[in-house]
Asks: 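Below are the structure tokens for one structure; questions will follow.
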Number of protein chains: 2
Amino acid sequence: MYNVIMKAEQLHQLIWMSRPLMQAAEACVEAGLVGTNLTVRMRAVLEMLDKYGEQTVPEIAARLEIKRQYVQIMCNETLASGLVEQRPNPRHKRSPVLALTDHGRTLIEEIISNEMKLMERVGANLSGENISTALEVVLTVADRLKTQAGESE
Amino acid sequence: MYNVIMKAEQLHQLIWMSRPLMQAAEACVEAGLVGTNLTVRMRAVLEMLDKYGEQTVPEIAARLEIKRQYVQIMCNETLASGLVEQRPNPRHKRSPVLALTDHGRTLIEEIISNEMKLMERVGANLSGENISTALEVVLTVADRLKTQAGESE
DNA sequence: TCAAAATGACATGTATAATGTCATTATGAA
DNA sequence: TTCATAATGACATTATACATGTCATTTTGA
């Protein structure tokens, strides 16, 4: 019985750490962008293109789970920077595919590499075991919460 | 070497789950508020008063780490609901203390109890061990990120 | 006593989106 | 081939959740 309550409380604490965690993470990303002319949302576009290859705006929107209209703005901004270019899309003649330019690829990969170095520092005295466990728990919890959102009443 | 990279990547994944996790959690809270006339921010005020007892607006703001001007708005809204009342503040004659009314206490405690039940369902097939580990990891990571935000370059 | 700080109130600004709408294709089924 | 339907980009509007700035009025504490 006590166990159940303890679990619930720790879970509660875990879940609500997600906000400060996110804020801290975003602050780190922003800090890593100082000096480049990138904004956080431009970085997000570059990351998607680096990670999943060239895509259309609606595809990026689907991956980011953000409405296409806003992602369009993000992408237009990024296009203007010259880090990304449009290429003809064989699958849809009106919706060009976005792709990293060489400059864009170099930049985003350097940024991500720096972020990974930060991860190494942050994880320095945590065991791989524990990180794995934490990731698993968080994935499970997020999944459950998404499911149970409506059924709480 | 591989270990270090694996760790960094899992950590990265863990950290960036914080956003969807938060969104899912907030959706659950909102779902639990349907039927009451509460908004999420009114709920936050009630929770602070329930958890830490009667307080002034600036005190609540400090706990929530939100600017007092906005917390003032949240509190005024909550006051209008009758779930909270003002009481003379012996420590500061111009800044009344906010306290839950009986109705307010009943309501927030029921809401939180329901949220805890949700936690129990969500944690049902996770071990207390693993939840503890996850919490510890997340707390550590959040702490480190806050520290290292500026030093990434 | 008196300068500095705290508080409430109000106005405005900002970032990150969602939503609505339109004209223009593009697509796919009959 | 045609034609209804869907997809896309562009633009406008609205929403949310805050931060910031400012002011008048206490309040406090040295």
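We name chains A, B, ... by the order of the sequence lines, and we start the count at 1 in each one.
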Asks: Whole angstroms only, please: what is the NZ-C1' distance between Lys67(B) and dT16(D)?
Replies: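 My rounded result for the distance is 19 Å.
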Asks: How do Met74(A) and Lys93(A) order along DNA chain C: which one's closest nucleotide is nearer the 5' end?
Replies: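 Looking at DNA chain C, the more 5' nearest nucleotide goes with Met74(A).
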Asks: Is it true that Glu59(A) and Arg91(A) make a salt bridge, defined as a side-chain N closer than 4.0 Å to a carboxylate O?
Replies: yes
Asks: Heavy atoms under 4.0 Å is the rule here; annotate nucleotides 2-16 of chain C 5' to 3' with B where the base is hit, S where only the sugar-phosphate is, and - elsewhere.
Replies: ----BBBBB-----S
Asks: Leu145(A) and Leu21(B): which non-hydrogen atoms are nearest, and at how many Å?
Replies: CD1-CD1, 4.0 Å
Asks: Please step through side chain to side chain contact (heavy atoms under 4.5 Å, CB included) for the pair Leu98(B) and Glu54(B), ending with a clear verdict.
Replies: CA-CA 5 Å; Leu98(B) 302 187; Glu54(B) 46 177 50; over 6 Å; no
Asks: List the atom of Gly123(A), the atom of Lys7(B), and the distance in Å for their closest heavy-atom pair.
Replies: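 Taking every non-hydrogen atom into account, O-NZ, 3.1 Å.
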Asks: Could you pull out the closest heavy-atom pair between Pro58(A) and Ser95(A), with the gap in Å?
Replies: CD-OG, 4.2 Å
Asks: Whole Å only: how far is the CG atom of Leu64(A) from the P atom of dA17(C)?
Replies: 9 Å
Asks: Could you tell me whether the side chain of Thr101(A) reaches within less than 4.5 Å of the side chain of Val84(A), counting heavy atoms only?
Replies: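 No, too far: nothing below the 4.5 Å cut-off.
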Asks: What is the distance from CE of Met22(B) to C1' of dC18(D), rounded to the nearest Å?
Replies: 12 Å
Asks: Grab the CD1-C1' distance between Ile60(B) and dC18(D) for me, whole Å please.
Replies: 17 Å
